[in-house]
Amino acid sequence: MMSCMVPAPRAQGAEIVTIEGVANGTQLHPVQAAFIAEGAVQCGYCTPGFIMSAVKLLEERSHPSQDEIKQALTGNLCRCTGYYSIVSAVEKAAMGG
């Protein structure tokens, strides 16, 4: 759920996971590591949204198709990298690294 779409009082009592919260201590989440490995990060503005969407996708589908990845990332916009490296990073994370 996009934080900009939820008034703060409505989130009371809910579990809120941020980009920092998907890592396990100092160990990056596989999606975070794959974004670095695939060069899917440039200016960094869109990266948290893409990573959070990808993490949720992989929670729901461990091995999504390329079309499912593209559909899951539809609401996120990137103006630096294009989308090839981002989709590749999600595919890499889905394959275990």
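Residues passing the salt bridge (Lys or Arg N to Asp or Glu O under 4.0 Å) test with Glu20, sequence neighbours excluded: none.
Using modelled atom types, one finds a donor on one side chain and an acceptor on the other under 3.5 Å when comparing Ser88 with Glu38.
Both Val17 and Leu58 are members of a single hydrophobic cluster when ILVMFWY side chains are connected at heavy-atom separations under 4.5 Å. In the hydrophobic clustering of this structure, Met95 does not group with Leu73; members are Ile, Leu, Val, Met, Phe, Trp, Tyr whose side-chain heavy atoms approach within less than 4.5 Å, directly or through other members.
Here the closest non-hydrogen pair linking Pro64 and Ile69 is CG-CG1, 3.7 Å. Smallest separation of non-hydrogen atoms from Ala11 and Ile16: CB-CD1, 4.0 Å. Taking each heavy atom of Ala72 and Ser53 in turn, the nearest pair found is O-CB, 3.9 Å.
Thr74 places a side-chain N or O within donor-acceptor distance of the main-chain N or O of Gln71, the cut-off being under 3.5 Å. At least one donor-acceptor pair under 3.5 Å links the side chain of His63 to the backbone N or O of Ala94.
With values rounded to the nearest 0.5 angstrom, Lys56 atom NZ is found 12.5 Å from Arg61 atom CZ. If you take SG on Cys78 and OH on Tyr84, they are separated by 12.5 Å, rounding to the nearest 0.5 Å. If you take CG on Asn76 and CE on Met52, they are separated by 11.0 Å, rounding to the nearest 0.5 Å. Separating the SG atom in Cys43 from the CZ atom in Arg79 is a distance of 11.0 Å, to the nearest 0.5 Å.
The hydrophobic cluster analysis finds Tyr45 isolated: no Ile, Leu, Val, Met, Phe, Trp or Tyr side chain comes under 4.5 Å of it, directly or through other members.
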Stepwise side chain to side chain contact (heavy atoms under 4.5 Å, CB included) test for Val55 and Phe50: CA-CA 9 Å; Val55 166; Phe50 275 108; over 6 Å; no
Give the table of side-chain donor-acceptor pairs shorter than 3.5 Å for residues 24-37, with sequence neighbours excluded, one pair per line with atom names and distance.
residue	atom	partner	partner atom	Å
His29	ND1	Val31	N	3.0
Gln32	OE1	His29	N	2.8
Gln32	NE2	Ile19	O	3.2

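In this structure, Gln12 places its CD atom where only 12 or fewer heavy-atom neighbours from other residues, nucleotides or ligands lie under 6.0 Å away.
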